[in-house]
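Below is one structure, written out as structure tokens; comments come after it.
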Amino acid sequence: MSTTEIAGWDPDFTERWVGAVEPVARRWFRYEVRGLEAFPATGGALLVANHSGGMLTPDVLIFAAAFYGAFGYDRPLYTLGHDGLFPGPVADWLARLGVIHASTENATNALRSGGVVLVFPGGIYDAYRPTLAENVIDFNGRTGYVRCAIDAGAPIVPAVSIGGQESQLFLTRGTWLARRLGLSRFRSDILPVTLGFPFGLSAIVPFNLPLPTKIVTQVLHPIDVAARFGCDPDVSEVDAEIRSRMQTALDQLARQRRFPILG
């Protein structure tokens with residue numbers, strides 16, 4: 001299954017898709033991706049990022065456009081996605097874009113193949129963090145990404161993004177409501193409530209459209225886990241270091257931001 005998913009990436013299809021939607025994203029979000037000059041020039045790398053913007057998060061598109069602009073379409077970028085993203089016929093074109101099921105096996109195989117893997121450890125828990133806590137790195141205790149990097153012998157490249165949590169007003173993750181409704185049986189521990197345009201108050205659906213908030217992404221220097229933490233690293237120690245570096249970088253971006261949405 002994993003090998004088939006990785007092999008599904010279609011560089012021509014990806015180039016056409018990015019070429020079609022990138023101009024819209026650039027005008028709408030006025031995005032900037034900084035620090036790609038420090039990204040490993042070749043080989044596998046695990047890009048670890050915070051997740052923003054709720055269900056209609058622009059994170060992947062923005063980074064993909066910048067990544068392929070810098071490295072071309074001979075180097076695959078894989079994105080780990082939740083199982084809920086792969087219903088019916090959508091799965092085919094997601095695979096062609098390099099979106100693969102989030103699993104340790106998939107991530108490790110992709111890294112060993114020389115691909116770059118984009119992972120959001122916090123998942124939808126992170127993407128629906130309240131706007132008042134938008135500048136907080138919170139992976140909800142998930143550390144599996146560290147083991148993937150160790151097993152594949154790939155560097156970890158942290159990245160942080162700001163602005164996406166201003167695309168609408170994220171009021172609450174709704175963890176209490178999800179527990180009361182027993183949503184854990186559907187592999188969900190949140191039922192977020194947001195306020196946005198055009199539907200106003202929303203509990204996931206209907207989907208409010210993202211406001212034209214300025215989004216800035218900062219890519220940090222790669223971390224060679226073995227060189228930094230030794231041959232038998234403590235996963236929790238590595239995770240704490242990654243999150244600390246990301247929090248510091250996100251705090252710096254927050255200090256540079258003058259106004260919500262406008263940037």
Check: Ile162 and Arg257 side chains under 4.5 Å, non-hydrogen atoms: yes
Where Ile215 and Pro58 come nearest, the two heavy atoms and their spacing: CD1-CG, 3.4 Å
Heavy-atom side-chain proximity of Val225 to Ile156 below 4.5 angstrom: yes
Sub-4.5 Å side-chain heavy-atom contact between Val18 and Tyr73: yes
Qualifying ring pair (Phe, Tyr, Trp, His ring centres under 6.0 Å) pairs with a residue from residues 117-154, counting only residues at least two apart or across chains: His51-Phe120, Tyr128-Phe170, Phe139-Tyr145
Shortest non-hydrogen contact from Pro233 toward Gly230: CD-O, 3.4 Å
Between CZ on residue Arg129 and CD on residue Glu134, distance to nearest 0.5 Å: 7.0 Å
Spacing of CG belonging to Leu77 relative to OG1 belonging to Thr14, to within rounding of 0.5 Å: 9.0 Å
Side-chain donor-acceptor pair present, Arg75, Thr42, cut-off under 3.5 Å: no
Interatomic spacing from CD1 in Ile137 to CG in Leu250 - rounded to 0.5 Å: 5.0 Å
Test log, rule salt bridge (Lys or Arg N to Asp or Glu O under 4.0 Å), inputs Asp251 and Arg255: CA-CA 6 Å; Asp251 289 343; Arg255 286 193 293 269; 5.3 Å; no
Nearest atoms (heavy-atom pairs only) where Ser113 meets Ile6: OG-CG2, 4.4 Å
Pair Thr194-Gln168, side-chain donor/acceptor within less than 3.5 Å: yes
Contact summary for Pro198 and Asn208, nearest pair of heavy atoms: N-OD1, 3.5 Å
side-chain contact (heavy atoms from CB on, under 4.5 Å) evaluation trace for Ile223 with Arg245: CA-CA 11 Å; Ile223 300 170; Arg245 294 192 187 193; 3.3 Å; yes
Contact check, side chains of Gln218 and Glu32, non-hydrogen atoms, under 4.5 Å: no
Listed partners of Phe71 passing ring-ring contact (aromatic ring centres under 6.0 Å, His included), at least two apart: Phe39, Phe67
Nearest non-hydrogen partners of Ala20 and Pro23, listed with the distance: O-CD, 3.8 Å
Residue pair Tyr68 / Glu22, side-chain donor-acceptor N/O under 3.5 Å: no
